[in-house]
J.: 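This is the structure I want to talk about, given as structure tokens.
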Amino acid sequence: MNGENAVSAVAAVPEAPAELVERRRERSLAVLGEEELLAAARRGDRDAAGALLSAHHQALLRVCRFLLGPAEDAEAAAQEVLLRALRSLDRFRAAGSFRGWLAAIATHLCRDRLRRRRLFPFVSLEAGTAVRGAPAQEHVASRGANPEEEAMARQAAELVSREVAALPARQREAFTLRFYAELELEEIASAMAVDVGTVKTHLHRAVHRVRRAVEEARP
Amino acid sequence: MSTSHLIEEELDLLLAGEELSSERMAHVLDCAACRARRENVLRAVAGAGAVIAPPETADRVLAAALGRWRPAGPAWWWSLPAAAVLVLAVGLGVWSRPAPEPALDSVAILAEVDALLAQDPVALVVSEALLDLLTEEPPANST
């Protein structure tokens with residue numbers, strides 16, 4: 001079944017209540033693959049577009065936050081990335097991964113914003129995320145088994161954020177795309193418009209620095 | 001199997017997503033200490049990601065982007081060839097239509113008839129007599 005049929009078939013049930021139709025439609029979207037969702041989104045199906053992007057939007061927000069820091073509105077940047085992607089769906093080619101394509105848009109948009117503002121990015125949990133109403137305690141604490149573990153996990157997360165923020169720009173990009181967009185080395189190279197060898201160099205330096213900071217804080 | 005633990009460079013390579021030799025990878029699989037070391041770093045990195053981009057914020061960002069999105073309709077330039085074809089078809093239809101039959105010129109015909117009658121008035125009388133004969137009703141009491 002192609003995407004068009006899957007999306008439109010449920011809406012064609014003549015006498016089903018609206019809620020039932022909607023539930024059926026959501027279930028249909030849930031079972032569609034990325035390719036089918038992409039095809040439906042290209043035809044202007046808003047629900048399919050939402051389902052397509054919902055697998056990547058959190059990663060994109062992470063990328064924008066780490067690349068921009070608190071000096072820029074990362075939420076606005078992530079929204080702009082998603083909107084540009086929606087408007088350019090026809091330009092995406094299946095040769096690469098959809099997430100890699102989105103990450104490339106995010107990387108270039110963040111570079112552009114930083115270049116225009118001429119700001120050196122600096123991420124601080126206090127200044128960067130607490131402002132957004134992102135309670136650090138809630139998200140890290142839920143992973144811990146007890147208060148002591150929770151506190152240590154929170155400290156480790158803050159430490160990593162500071163270390164990533166302090167990385168040189170290209171190392172920060174490589175690290176962010178690897179760990180927060182979960183891209184392969186080739187995809188990172190494509191997003192950063194460099195070769196794989198350069199990515200490896202940036203990534204090794206970044207990993208070395210972050211790893212040492214974490215191990216020194218919690219050997 | 002190698003029993004020595006991962007050195008820093010090997011751990012960095014592993015964290016960066018690169019493959020070690022099969023012997024060293026086998027060690028990582030069997031060595032709880034090396035695995036714990038790797039997972040400790042990955043957990044801290046993942047924790048920072050969770051803090052910096054909570055799901056509800058990401059959902060709000062996506063909803064805002066979808067709200068601003070206006071799916072493009074059919075591209076306007078597609079209508080140009082269609083319009084050109086339509087104009088061409090109408091034009092060809094007009095030019096290939098057979099010429100209309102000339103309308104009867106009643107004035108000219110009447111003038112021609114008048115001229116004929118003027119030359120031969122008897123023709124009119126005969127034809128009227130013949131018409132009377134053909135249409136004459138039979139007498140009511142023929143007996």
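In this text the structure is predicted, and so the values were computed from the model without any measurement. In the text below, chain A, chain B and the rest are named by the order of the sequence lines, each starting its count at 1.
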J.: Would you mind checking which part of B:Glu8 comes under 4.5 Å of any heavy atom in chain A, side chain (CB onward), backbone (N, CA, C, O), both or neither?
T.: both
J.: If you take all heavy atoms of A:Leu83 and B:Ala65, which pair is closest and at what distance?
T.: CD1-O, 3.5 Å
J.: Heavy-atom cut-off 4.5 Å, strictly under: side chain, backbone, both or neither for A:Arg178 against chain B?
T.: side chain
J.: I need the A:Arg65 CZ to B:Ile52 CD1 distance, nearest 0.5 Å.
T.: 6.5 Å
J.: In terms of heavy-atom pairs under 4.5 Å with chain B, which of A:Leu82, A:Leu86, A:Leu53 leads?
T.: A:Leu86
J.: Could you give the distance from CD (A:Glu215) to CG (B:Leu11), rounded to the nearest 0.5 Å?
T.: 6.0 Å
J.: Could you tell me whether the side chain of B:Asp12 reaches within less than 4.5 Å of the side chain of A:His204, counting heavy atoms only?
T.: no
J.: Heavy-atom cut-off 4.5 Å, strictly under: side chain, backbone, both or neither for A:Thr176 against chain B?
T.: neither
J.: Which value, rounded to the nearest 0.5 Å, describes the distance between A:Arg211 atom CZ and B:Leu42 atom CG?
T.: 12.0 Å
J.: Look up atom CH2 in B:Trp69 and atom CZ in A:Arg87, then write down how far apart they are to the nearest 0.5 Å.
T.: 11.0 Å
J.: With a 4.5 Å heavy-atom cut-off, do A:Gln58 and B:Val61 have their side chains touching?
T.: no
J.: Which residue, A:His57, A:Glu75, A:Gln79, forms the side-chain hydrogen bond (donor to acceptor under 3.5 Å, both in side chains) with B:Arg60?
T.: A:Glu75
J.: Any idea which heavy atoms bring B:Ala48 and A:Tyr180 closest together, and the distance?
T.: CB-OH, 3.6 Å
J.: Rounded at 0.5 Å granularity, tell me how far CZ in A:Arg62 sits from OG1 in B:Thr57.
T.: 12.5 Å
J.: Please name the pair of heavy atoms, one in B:Asn40 and one in A:Val214, separated by the smallest distance, quoted to 0.1 Å.
T.: ND2-CG1, 4.1 Å
J.: Taking the side chain as C-beta and beyond, is there a heavy-atom pair between B:Val45 and A:Phe175 under 4.5 Å?
T.: yes
J.: Under 4.5 Å from any heavy atom of chain B, what part of A:Leu185 do you find: side chain, backbone, both or neither?
T.: side chain
J.: Taking C-beta and beyond as the side chain, do A:Ser161 and B:Val51 meet within less than 4.5 Å on heavy atoms?
T.: no
J.: Identify the two heavy atoms, one from B:Gly47 and one from A:Ala157, that lie closest to each other, and give their separation to 0.1 Å.
T.: C-CB, 3.6 Å
J.: For a quick test of reading the model, state the closest non-hydrogen atom pair linking A:Leu203 to B:Ala16 and the distance between them.
T.: CD2-O, 3.5 Å
J.: Just wondering, are more than 12 heavy atoms of other shown residues or ligands nearer than 6.0 Å to CZ in A:Arg111?
T.: yes
J.: Would one find more than 12 heavy atoms of other residues, nucleotides or ligands at under 6.0 Å from atom CZ of A:Arg212?
T.: no
